[in-house]
Every structure is written in structure tokens, then in C-alpha cells.
Number of protein chains: 2
Amino acid sequence: MNFQPYTREAVADLLRGHDITPTHQRIEIAFVLFEKREHLCADQIFALVNARHAETSKATVYNTLKLFLDKRLVRELIVDPSKVFYDPNTTPHHHFYDVDSGELTDIPADSVRVEGLPALPPGVVAEGVDVIVRTRRAS
Amino acid sequence: MNFQPYTREAVADLLRGHDITPTHQRIEIAFVLFEKREHLCADQIFALVNARHAETSKATVYNTLKLFLDKRLVRELIVDPSKVFYDPNTTPHHHFYDVDSGELTDIPADSVRVEGLPALPPGVVAEGVDVIVRTRRAS
DNA sequence: CCGGTGAGTTAGACAAAGTCCAATTCTTGT
DNA sequence: ACAAGAATTGGACTTTGTCTAACTCACCGG
Ligand SMILES: [Mn+2]
Ligand SMILES: [Mn+2]
Ligand SMILES: [Zn+2]
Ligand SMILES: [Zn+2]
């Protein structure tokens, strides 16, 4: 599911494929995320979706992002202390995070190897391994 | 500076070593962090410092944590979408993060190798590499 | 001592991100 | 077309963190 759905119908199909009933609001939100393929936070999505005409409430943006997360249509990035970013790329990959600008850049997973991690405590299972390289402008 | 300062005087010395004027409030906050050596968030620190007698305001807790961060006495962990954790261990290491319980556990850095990271964009320098293994209770 | 100066602390107002709820509006199946 | 459940909504609310102007305290020179 790493394609670029250009039309609303393609987005609706993508949603159905993830067991999400495609409503007008959900289609617009998914369209914004998959059109840009950028790391966006809730209020950017809210602004983009409502740029032309007011169509979607704040509550629905948050409800929908939580649903997308649950259905594995997007993934959550916790790197900024004040807001969550949503990543339309759910394939394993890592990130550069520029602490000055707040900019997030993808690092493809295939080149990176993380070795020597200790065994997990019993009764616990790994959900994912995130590598975040914090960067800043050279002194 | 990975020792356990048991006395207020030892904490004061630790602060002076980091160019921090040791005030009563700063000593109490550092004492709580270095006594427990746990990952604590601001309001836990606020509660612990004020457990016996009210001694320190919310503003001072936040001011002080920012100062400690700046002076590299503690490090910040961005892992929970709703609050920042402060880590008294500033030596390089990584973390397990249990998404169910919110619990953070250290992973010593020496065993872990991260290989194959791409070169940094020009004009940018790495500040650190964080590896976070998200875990949850087995199905 | 004592008064001045600057650093540190404080209460409380404020801001931003996110949650919750009851009322309303869609969607879907029949 | 209709009923029933699902989704959406405005707005109140909560939580985390920031800001500011007043106050306090430690320290120093006289
Ligand atoms: Mn808390
Ligand atoms: Mn917040
Ligand atoms: Zn990404
Ligand atoms: Zn740690």
C-alpha cells in the first residue's frame, strides 16, 4: 500500500481495504496525507482539509487519525514534545529529526541494521524499533 | 557523573560542577532525580519534591528542568505523546518503551550497534541517535 | 551590620494539543 | 423510503507547559 492514490475513488478503495467505511471526511483526510506523503500533525491536517471550504471538525480529525492508526493506515511519530506527527508510510523506516527546524526526513530501513538488542522481558512482544537521529545546524 | 549522590551536599557539588548555582529548590529537584535514577516527568517531580512540605512551584520545576537540560545534567525523552520524561542518565543508552504501561527501561548502549545510517545532509550535525523499542504485552 | 543589586522563585493567567459529550446528521440494509 | 446504527459536530473541558510581573533571597560593598 505504498502507492499514490490520486483520485478520491482510489482513496476510498484504500480505506475499504483497511476495513474503514469511507466517509466524505475520512476520504479528505486520507487524501491530504497520501497526496503529500509528508509527516503532518493534526492541526496541519485540519487546516489542509478545511482550506477551500470548512468540511471537517477538529473532533473528526482526531477521531479519524486514531482510527487510521488503529487500522494501520498511518503510523504515529513521537519526536516533538508538543505534537504528534502522522506518517503515511507504514513500511519500516527511520527518521532524521532536525531539532532546530522540526523537520522530519525518512531514512530507508533496508540500509540500517540495529544489532545487539537484548532479549525482551518475558510476556512482552516488540511492536517496532524506531531509530531517530536528532540533528542540528552545524555550530 | 554516573554516581549516586546521597547527600544534599553531594548534589550541590554535582550542580556546581555543571555551572549551576545550587539553590534549595534545584537541590531538591536534582536529589529526587538522582536518588531514584528513574525516568520521571515534570508533574511526578513536582509531586515528589512537594511530598513533605510545599517547597517548589510548578514554574520552578519547569525552569529548573530546562536549565538541567541545557547544562547537560539530565536528558529529555520524547516517547509519550502527552508528556516529556527526564532521564538522569546522560551517558548514551537506549530504551524499551511499553506502550501499554508507559514504562521505560534502559538498554545499555555498549551492546547495541546501529549500522548503515546514511550520511547527514550538509550543514547539519548529529546530536544523538535514539533507539526506542516499542513493546506491548504478548497477545 | 545594612542597603542595593541581580539572580531565582512564585502565583496565577494564558496557550496549545487533545478529549469528551450529547445532539445531530449520514450511511446502509431491508 | 425507513429504521437503526455509525459517524460527525460544536463547544466545554483537561492536561501539559509557558509567560509575566511581583516578590524573595543570597551576596557584596561600604
Ligand atoms: Mn504527568
Ligand atoms: Mn500539549
Ligand atoms: Zn517517515
Ligand atoms: Zn534512560
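Model, not experiment: these values are computed from the prediction. So you know, we letter chains A, B, ... as the sequences are listed, proteins then strands, and number each from 1.
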Check your understanding: So does B/Glu103 have more than 12 non-hydrogen atoms from other groups sitting under 6.0 Å from CD?
Key -> no
Could you tell me which residues satisfy side-chain hydrogen bond (donor to acceptor under 3.5 Å, both in side chains) with [X], sequence neighbours excluded, listed by chain and number?
{"X": "A/Arg137", "value": "none"}
{"X": "B/Ser57", "value": "B/Thr60"}
{"X": "B/Thr105", "value": "none"}

Check your understanding: Which hydrophobic side chains are connected to B/Val79, either touching it within the sub-4.5 Å cutoff or through other members that do?
Key -> A/Leu77, A/Val79, A/Phe85, A/Tyr97, A/Val99, A/Leu104, A/Ile132, B/Leu77, B/Phe85, B/Tyr97, B/Val99, B/Leu104, B/Ile132
Check your understanding: In the hydrophobic clustering that connects Ile, Leu, Val, Met, Phe, Trp and Tyr at side-chain heavy-atom distances below 4.5 Å, which members other than A/Tyr62 occupy its cluster, ordered by chain and number?
Key -> none
Review point. Can you tell which of D/dG17, C/dT19, C/dG18 lies closest to the side chain of A/Lys83?
Key: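 Of D/dG17, C/dT19, C/dG18, C/dG18 is nearest to the side chain of A/Lys83.
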Check your understanding: Which nucleotide sits closest to the side chain of A/Ala42: D/dT18, D/dT8, C/dG18?
Key ->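 Minimum distance to the A/Ala42 side chain belongs to C/dG18.
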Practice item. Compute the bend angle of the helix from C/dC1-D/dG30 to C/dT30-D/dA1 from the end axes (five pairs per end), rounded to 10°. Key: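 That helix has its two terminal axes inclined by roughly 20°.
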Whole angstroms only, please: what is the [atom1]-[atom2] distance between [X] and [N]?
{"X": "B/Ile45", "N": "D/dT16", "atom1": "CD1", "atom2": "C1'", "value": "14 Å"}
{"X": "B/Asp19", "N": "C/dA7", "atom1": "CG", "atom2": "P", "value": "15 Å"}
{"X": "A/Glu76", "N": "C/dA17", "atom1": "CD", "atom2": "P", "value": "16 Å"}

Exercise for review: Decide yes or no, distance alone: a donor-acceptor N/O pair under 3.5 angstrom between the base of D/dG17 and the side-chain of B/Lys58.
Suggested key: yes
With 3.5 Å as the limit, what N/O pairs link the protein to nucleotides 21-29 of chain D?
none

In a table with atom names and distances, give each donor-acceptor pair under 3.5 Å that connects a side chain of residues 119-127 of chain B to protein atoms at least two apart or in another chain.
unit_1: B/Glu127; atom_1: OE1; unit_2: A/Arg134; atom_2: NH1; d: 2.9
unit_1: B/Glu127; atom_1: OE2; unit_2: A/Arg136; atom_2: NE; d: 3.4

Would you be so kind as to tabulate the donor-acceptor pairs closer than 3.5 Å made by side chains of residues 38-53 of chain A, with sequence neighbours excluded?
unit_1: A/His39; atom_1: NE2; unit_2: A/Asp87; atom_2: OD2; d: 3.1
unit_1: A/His39; atom_1: NE2; unit_2: A/His95; atom_2: NE2; d: 3.2
unit_1: A/His39; atom_1: NE2; unit_2: A/Asp106; atom_2: OD1; d: 2.9
unit_1: A/Gln44; atom_1: OE1; unit_2: A/Cys41; atom_2: N; d: 2.9
unit_1: A/Asn50; atom_1: OD1; unit_2: A/Glu55; atom_2: N; d: 2.6
unit_1: A/Asn50; atom_1: OD1; unit_2: A/Thr56; atom_2: N; d: 2.9
unit_1: A/Asn50; atom_1: ND2; unit_2: A/Phe46; atom_2: O; d: 3.0
unit_1: A/Asn50; atom_1: ND2; unit_2: A/Thr56; atom_2: O; d: 2.9

Point to revise | Strand-adjacent residues in residues 98-105 of chain B, judged by heavy atoms under 4.0 Å from DNA chain C | key: none
**Study point:** Side-chain touch A/Arg75/A/Asp130, heavy atoms, less than 4.5 angstrom
**Key:**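 Heavy-atom side-chain distance check passes, below 4.5 Å.
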Review point. Taking protein heavy atoms under 4.0 Å as touching, what does nucleotides 21-30 of chain C look like 5' to 3' if B marks base contact, S marks sugar-phosphate-only contact and - marks none?
Key: -------S--
Exercise for review: Sequence neighbours left out, what passes side chain to side chain contact (heavy atoms under 4.5 Å, CB included) with A/Arg113? Give chain and number order.
Suggested key: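 Applying side chain to side chain contact (heavy atoms under 4.5 Å, CB included) to A/Arg113 gives A/Glu115, B/Glu115.
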